[in-house]
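Some notes on the structure that comes next.
This structure is a prediction, so every number in the text was calculated from the model and none was measured. FYI, side chains are in, hydrogens and waters are out, and symmetry mates aren't considered; it's all heavy atoms of this structure. Indexing begins at 1, ligand by ligand and atom by atom, following the structure's order. In what follows, residues are counted from 1 in the order of the sequence shown.
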Amino acid sequence: MGPRAALLLLSLACSCSAQKVKVRAEVTGYVGQDVTLPCTYSPDNSDIKITQVTWMKETGGKKTNVAVYSPNWGKNLPNPRISFLKESLQEPTLVIKSLMMTDEGTYGCEFATYPDGNEEGTTRLILLAEPRNSAAAVPGAVGDAVGDREITVANCTSANGKPPSDITWQSVLPGNVSTRVINNTDGTITVNSQYKIFPTSEANGKTVTCIIASRTASVPQNIPVVLSIQYPPEVRISGYDDNWYINRQQAELTCTASGNPPPSKYEWKTASGQPLPNTVDVVGNLLVVKTVDNLVNTTFLCQATNSLGTSSAQLEVLVRASPNTAGAGATGGIIGGIIAAIVGIAVVATVVMIWKQQRKNQTLKDDDDLEGPPAYKPPPPSVKLQPQDMVPVHKESDSEESVPLKPIPFESLSRAEVDSEMQNMPLYQDAYGDQGLEHSEHMPSTEDDYLEQINPIYNDLSYPATDHYQDSRGFVMSKAMYV
Ligand SMILES: *[C@@H]1O[C@H](CO)[C@@H](O)[C@H](O)[C@H]1NC(C)=O
Ligand SMILES: *[C@@H]1O[C@H](CO)[C@@H](O)[C@H](O)[C@H]1NC(C)=O
Ligand SMILES: *[C@@H]1O[C@H](CO)[C@@H](O)[C@H](O)[C@H]1NC(C)=O
């Protein structure tokens, strides 16, 4: 190592001299509590002499001494709440008691040394104040909304905090939030947030949650608020079964009304304004008829009232000479209709299937010049089959790409489509359903064994198996057509 390099290293070491003063960059404290601002000096050279230490507070670019210590002259502590932890030139840690909001600021710990001169480290003191959080529903009424105006339905406040809290809302109700921040004279900040919606009766009883995040809490605080929206009664009459007949015993109508506040008064009337027939008893929100007669052949009206208003619903009762059986009949009719529809679909499907098979039969017969159904006489190996019949079953069912390669034996397009669809299926699928299809996809080479397994009767009907694939293919087709 040459002298130049040594010099460079030395100068690098010297650039670190500022770190001889060790302080914390930031210290936090709560109002009313005490805080310590650590400060130490570690000289890299025992020849360095410290003559005095000074703590200064920096406000608006102006520095004020808050604590001075010199072994020769003693201490100077102008603020009775501010002192040194101990009398020490190497460790002049500062203590501030009963923190006040005004104590917040930047504090410099400065050492007067010889021969290096002054050395300083600074600490930012941040005052925290724990906010008081609260949230509540703001009672509103449906009628309060004038035109498009939204109303405040929940109010959330994080008061006297520092730094200011962050308030958000969680809700299933679409709404708008308006937030105000207030700088209090004591240096704390109050944050208020309001949740606004267009008031509806559906919003009553719904919950919105105020979420308050603050530096003084490790997790945000959630305060659920149940909304209270007042609305006039919403009335409904239930219990009418459309089967009120002369001399029926015990018929009832129920009047239910929602509302906020809950409706306090129910009133049954006739819609025409006539007094209620004397065969009718009113029990709270129930209208009870002991024995049905012509007098109740009328329209009833139920009125419910709360502090926001009165609403009503009406129901027309039809008194019949004899019990109404149409209700039961109608139910039976629906079930019958469903059954008829299912049977009908099955019949149509069967007919279509038979027709298709017969078309196939016919085509084969024409092309192959065979007599009688091929089920009994499979074509001999020498007979030329139609190309689509020679394509192995599994290939046909695997992909539609093979379809356009095959000749379309019929003149009209729609018919051709129908038939190409048929060709895509294994021909015995109609007889054996999905099992046959799956079988042909996974194990196409054993399809005949499979068929013989599931119905041995075909063994009796079949010709002795040959090695020729076309033969066995024709044989399979024959079985399907036989069914
Ligand atoms: C929220 O405020 C916007 C703009 O003022 C308004 O268009 C919207 O309708 C308000 N939505 C609700 C739910 O209050
Ligand atoms: C509150 O204080 C902040 C910073 O301390 C300032 O930016 C803001 O303008 C003040 N707000 C009011 C309403 O005085
Ligand atoms: C009830 O009134 C209706 C007309 O509103 C009428 O058609 C019906 O015959 C009446 N029932 C009886 C039993 O009088």
Side-chain angles (χ1 to χ4, degrees), residues 31 58-60 100-106 124-129 131 137-138 140-142 144-204 206-210 214-215 225 227 229 240-249 251 253 270-274 276-277 279-280 289 291-301 314-326:
V31 171
E58 208 181 300
T59 16
M100 288 166 64
M101 208 51 87
T102 50
D103 292 331
E104 191 172 77
T106 302
R124 207 169 122 64
L125 174 62
I126 294 171
L127 265 100
L128 301 180
V138 178
V142 167
D144 286 354
V146 178
D148 282 346
R149 210 189 60 189
E150 47 190 7
I151 63 165
T152 298
V153 291
N155 205 342
C156 185
T157 302
S158 182
N160 297 92
K162 194 174 171 303
S165 303
D166 188 31
I167 299 183
T168 51
W169 294 87
Q170 206 173 50
S171 171
V172 291
L173 297 167
N176 281 327
V177 173
S178 104
T179 304
R180 281 184 310 149
V181 178
I182 301 142
N183 292 342
N184 301 307
T185 51
D186 65 358
T188 62
I189 300 117
T190 295
V191 182
N192 172 260
S193 183
Q194 297 183 326
Y195 199 74
K196 299 172 180 228
I197 64 166
F198 295 110
T200 61
S201 57
E202 289 77 33
N204 182 52
K206 293 274 193 319
T207 301
V208 297
T209 303
C210 177
S214 55
R215 169 114 184 235
V225 175
L227 300 187
I229 311 290
Y240 183 59
D241 57 3
D242 194 19
N243 190 20
W244 287 32
Y245 51 88
I246 298 287
N247 286 332
R248 169 176 167 175
Q249 302 297 298
L253 296 178
T270 60
S272 56
Q274 304 279 315
L276 280 179
T279 49
V280 160
V289 182
T291 304
V292 172
D293 60 12
N294 262 329
L295 293 175
V296 296
N297 197 19
T298 183
T299 298
F300 288 103
L301 182 142
Q314 58 183 48
L315 185 125
E316 190 183 338
V317 166
L318 174 72
V319 172
R320 300 160 183 278
S322 58
N324 176 15
T325 51

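- Listed by number with element, the atoms of ligand 1 under 4.0 angstrom from any heavy atom of Gly175 are 13 (C).
- Side chain of Asn243 to main chain of Asn324: a donor-acceptor pair is present (N/O by atom type, distance under 3.5 Å, no hydrogens or angles).
- Side-chain N or O atoms of Glu58 include none that pairs as donor or acceptor with a backbone N or O of Thr106 at under 3.5 Å.
- Within a 6.0 Å sphere centred on CD of Gln170, other residues, nucleotides and ligands contribute 12 heavy atoms or fewer.
- The main-chain N or O of Met100 is found under 3.5 Å from a side-chain atom of Asp103 such that the two form a donor-acceptor pair.
- Proximity of atom 11 (N) of ligand 1 to the protein is indicated by at least one non-hydrogen atom lying closer than 4.0 angstrom.
- For atom 6 (C) of ligand 1, the closest heavy atom belonging to the protein is Asn176 ND2, 4.0 Å.
- Nearest to atom 1 (C) of ligand 2 by heavy-atom distance, out of Val181, Asn183, Ile182, is Asn183.
- The contact set between ligand 1 and Pro174, taken as ligand atoms under 4.0 Å from a residue heavy atom, comprises 13 (C).
- Here the rule is side-chain contact (heavy atoms from CB on, under 4.5 Å) with Asn160, and of Val31, Asp186, Ile189 only Asp186 fits it.
- At least one N or O atom of Asn294, backbone or side chain, sits closer than 3.5 Å to an N or O atom of ligand 3.
- Looking from atom 9 (O) of ligand 1 to the surrounding protein, the closest heavy atom is Phe198 CE1, 3.6 Å.
- Distance check, rounded to the nearest 0.5 Å: CD1 of Ile246 to CZ of Arg248 gives 12.5 Å.
- Ranking protein heavy atoms by distance to atom 2 (O) of ligand 3, first place goes to Asn297 ND2, 2.4 Å.
- Nearest protein heavy-atom contact of atom 7 (O) of ligand 3 is Leu318 CD1, 4.6 Å.
- Nearest protein neighbour of atom 14 (O) of ligand 1, counting heavy atoms only, is Glu150 OE1, 2.0 Å.
- Separation of atoms CG (Asn155) and OG (Ser178) is listed at 9.0 Å; rounding is to 0.5 Å.
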